[in-house]
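In what follows, every heavy atom counts, from backbone to side chain, and hydrogens, waters and symmetry copies are set aside.
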Amino acid sequence: MMDYRKFIEEKRKLSPDASLRERQENMKQGLELVLKSEGEQKPRIHDMMKKTLIACSEEEAFVTLAYELEEWELNPNGVMHGGLIGTAIDTACGMVVRYFSENLQASTVSLNVDYLRPVFMGDRLVVTAKLVRLGGHVANLTAQAKRESDQKMAALASAVFYLPKQTGFD
């Protein structure tokens, strides 16, 4: 299970006057830590999907993940199941929101996905999630999912996350 606690703790260790380069490196290391973490709970669907951090930007507020397509992720037509494309997008958006808001209880309020093209076995789905606005209680994001093989858009999405008041790391 992805564990965001360590990554937020590391972010909070940065001094307020840390350079953009230092913040960027901290973000990259933190996201990689989240992807490799194992929590106490049993794996969830997003943990079962094989993903790799491709890029991230502190300055531009985005994360790009690549998902290796596995046979269990195929629908009866032999292409990546739409629900798993949505899961990949939701996971990338959640990583961006939790990093920038430092809110561990951030949760998806809405996720609107437009499916444009199928993703076939042997390809990778590359998802980029970008923070559009971070408010006091709500975060808005956009995301795009491309087939790595030809860089054609497989899905476009918009997401809204709720940021409840939190007390520490509860």
Participant: Any donor and acceptor pair, going by atom type alone, linking the side chain of Gln24 with main-chain N or O of Cys56 inside 3.5 Å?
Facilitator: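 Yes.
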
Participant: Please check if the number of heavy atoms outside Gln151 that lie under 6.0 Å from its CD is greater than 12.
Facilitator: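 Above 12, so yes.
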
Participant: So, do Met48 and Trp72 sit near enough that their side-chain heavy atoms are less than 4.5 Å apart?
Facilitator: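 Result yes, sub-4.5 Å side-chain heavy-atom pair found.
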
Participant: Name all residues meeting the side chain to side chain contact (heavy atoms under 4.5 Å, CB included) criterion together with Ala55; count only those two or more places apart in sequence or in a different chain, and write none if there are none.
Facilitator: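 Applying side chain to side chain contact (heavy atoms under 4.5 Å, CB included) to Ala55 gives Phe62, Thr64.
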
Participant: Same cluster or not: Ile54 versus Val63, using hydrophobic residues (I, L, V, M, F, W, Y) connected whenever any side-chain heavy atoms lie under 4.5 Å apart?
Facilitator: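 Result: no, two separate clusters.
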
Participant: According to ring-ring contact (aromatic ring centres under 6.0 Å, His included), does anything in residues 115-150 pair up with another residue at least two apart or in another chain? List the pairs.
Facilitator: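 Qualifying pairs: none.
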
Participant: Flag yes if Val126 and Tyr67 sit in one hydrophobic cluster, no otherwise; membership is Ile, Leu, Val, Met, Phe, Trp, Tyr, and two members link when side-chain heavy atoms are under 4.5 Å apart.
Facilitator: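 Result: no, two separate clusters.
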
Participant: When rounded to the nearest 0.5 angstrom, what distance separates CZ in Arg23 from CG in Asn26?
Facilitator: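 It is 10.0 Å, given to the nearest 0.5 Å.
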
Participant: Can you tell me how far the NZ atom of Lys28 sits from the CG atom of Leu33, to the nearest 0.5 Å?
Facilitator: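 Between Lys28 NZ and Leu33 CG, I get 13.5 Å after rounding to 0.5 Å.
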
Participant: Are Asn112 and Val160 close enough that some pair of their side-chain heavy atoms sits under 4.5 Å apart?
Facilitator: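 Asn112 does not reach Val160 side chain to side chain.
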
Participant: Do you reckon Leu125 sits in the same ILVMFWY cluster as Leu156, going by side-chain contacts under 4.5 Å, direct or chained?
Facilitator: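 No, it is not one cluster - the side chains of Leu125 and Leu156 are not joined through contacts under 4.5 Å.
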
Participant: Is the backbone N or O of Thr128 less than 3.5 Å from a side-chain atom of Gln144, with the two atoms forming a donor-acceptor pair by type?
Facilitator: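 Such a contact is absent between Gln144 side chain and Thr128 backbone.
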
Participant: For Arg98 and Leu104, which heavy atoms make the closest approach, and how far apart are they?
Facilitator: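 Reported closest heavy-atom pair: NE-O, 3.8 Å.
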
Participant: Return the minimal non-hydrogen interatomic distance between Val127 and Ala92, and the atom names on each side.
Facilitator: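 Of all heavy-atom pairs spanning Val127 and Ala92, the closest is CG1-CB, 3.8 Å.
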
Participant: ring-ring contact (aromatic ring centres under 6.0 Å, His included): which pairs involve residues 82-111, sequence neighbours left out?
Facilitator: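 Residue pairs with at least one partner in residues 82-111: Phe7-Tyr99.
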
Participant: With sequence neighbours left out, write down each residue that passes side chain to side chain contact (heavy atoms under 4.5 Å, CB included) with Pro76, or none if nothing qualifies.
Facilitator: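 Counting only residues at least two positions away or on another chain, Pro76 forms no side chain to side chain contact (heavy atoms under 4.5 Å, CB included).
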
Participant: Would you tabulate the side-chain donor-acceptor contacts of residues 78-90 under 3.5 Å, counting partners in other chains and residues two or more places apart, or write 'none'?
Facilitator:
| residue | atom | partner | partner atom | Å |
| --- | --- | --- | --- | --- |
| His81 | ND1 | Gly83 | N | 2.8 |
| Thr87 | OG1 | Gly83 | O | 2.9 |
| Asp90 | OD1 | Thr108 | OG1 | 2.6 |

Participant: Considering residues at least two apart in sequence or located in another chain, which fulfil the salt bridge (charged side-chain N to carboxylate O under 4.0 Å, His left out) criterion with Arg147?
Facilitator: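 Arg147 satisfies salt bridge (charged side-chain N to carboxylate O under 4.0 Å, His left out) with Asp150 once adjacent residues are dropped.
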
Participant: Determine the minimum heavy-atom distance between Ala129 and Val96, stating which atoms define it.
Facilitator: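 That would be O-CG2, 3.5 Å.
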
Participant: Excluding sequence neighbours, so at least two apart, what forms salt bridge (charged side-chain N to carboxylate O under 4.0 Å, His left out) with Lys11?
Facilitator: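 Once residues adjacent in sequence are excluded, the partners of Lys11 under the salt bridge (charged side-chain N to carboxylate O under 4.0 Å, His left out) criterion are Glu102.
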
Participant: To the closest 0.5 Å, what do you measure between CG (Leu134) and CG (Leu141)?
Facilitator: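 That separation rounds to 9.0 Å.
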
Participant: Can you name the residues that form a salt bridge (charged side-chain N to carboxylate O under 4.0 Å, His left out) with Arg117, not counting sequence neighbours?
Facilitator: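 In terms of salt bridge (charged side-chain N to carboxylate O under 4.0 Å, His left out), with neighbours along the sequence ignored, Arg117 is linked to no residue.
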
Participant: Please examine the side chains of Val34 and Leu53, heavy atoms only from C-beta on, and report whether any two atoms are closer than 4.5 Å.
Facilitator: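 They are not in side-chain contact.
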
Participant: Nearest 0.5 Å, what's the CG-OG1 distance between Asp47 and Thr91?
Facilitator: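 Nearest 0.5 Å value for the CG-OG1 distance: 8.5 Å.
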
Participant: Give me each pair satisfying salt bridge (charged side-chain N to carboxylate O under 4.0 Å, His left out) with a member in residues 118-128, each pair once, sequence neighbours excluded.
Facilitator: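 Counting only pairs at least two positions apart or across chains, the salt bridge (charged side-chain N to carboxylate O under 4.0 Å, His left out) contacts touching residues 118-128 are Glu68-Arg124, Arg124-Glu148.
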
Participant: Sequence neighbours excluded, which residues qualify as salt bridge (charged side-chain N to carboxylate O under 4.0 Å, His left out) partners of Glu25?
Facilitator: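 Not a single residue meets the salt bridge (charged side-chain N to carboxylate O under 4.0 Å, His left out) criterion with Glu25.
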
Participant: Going from CG on Leu65 to OG1 on Thr52, what distance comes out if it is rounded to the nearest 0.5 angstrom?
Facilitator: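 Between atom CG of Leu65 and atom OG1 of Thr52 there are 8.5 Å.
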
Participant: With rounding to the nearest 0.5 angstrom, report the CD1 to CG distance, Ile8 to Asn103.
Facilitator: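 Rounded to the nearest 0.5 Å, the CD1-CG separation comes to 7.5 Å.
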
Participant: Which heavy atom of Ala106 sits nearest to which heavy atom of Leu163, and what is that distance?
Facilitator: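 Heavy atoms of Ala106 and Leu163 come nearest at CB-CD2, 3.6 Å.
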
Participant: Taking side chain to side chain contact (heavy atoms under 4.5 Å, CB included) as the definition, give me every residue that meets it alongside Ser15, ordered by chain and number, with sequence neighbours left out.
Facilitator: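 By the side chain to side chain contact (heavy atoms under 4.5 Å, CB included) rule, Ser15 matches Asp17, Ala18.
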
Participant: Taking only residues two or more places apart in sequence or in another chain, which ones pass side-chain hydrogen bond (donor to acceptor under 3.5 Å, both in side chains) with Lys50?
Facilitator: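 So Lys50 forms a side-chain hydrogen bond (donor to acceptor under 3.5 Å, both in side chains) with Glu70.
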
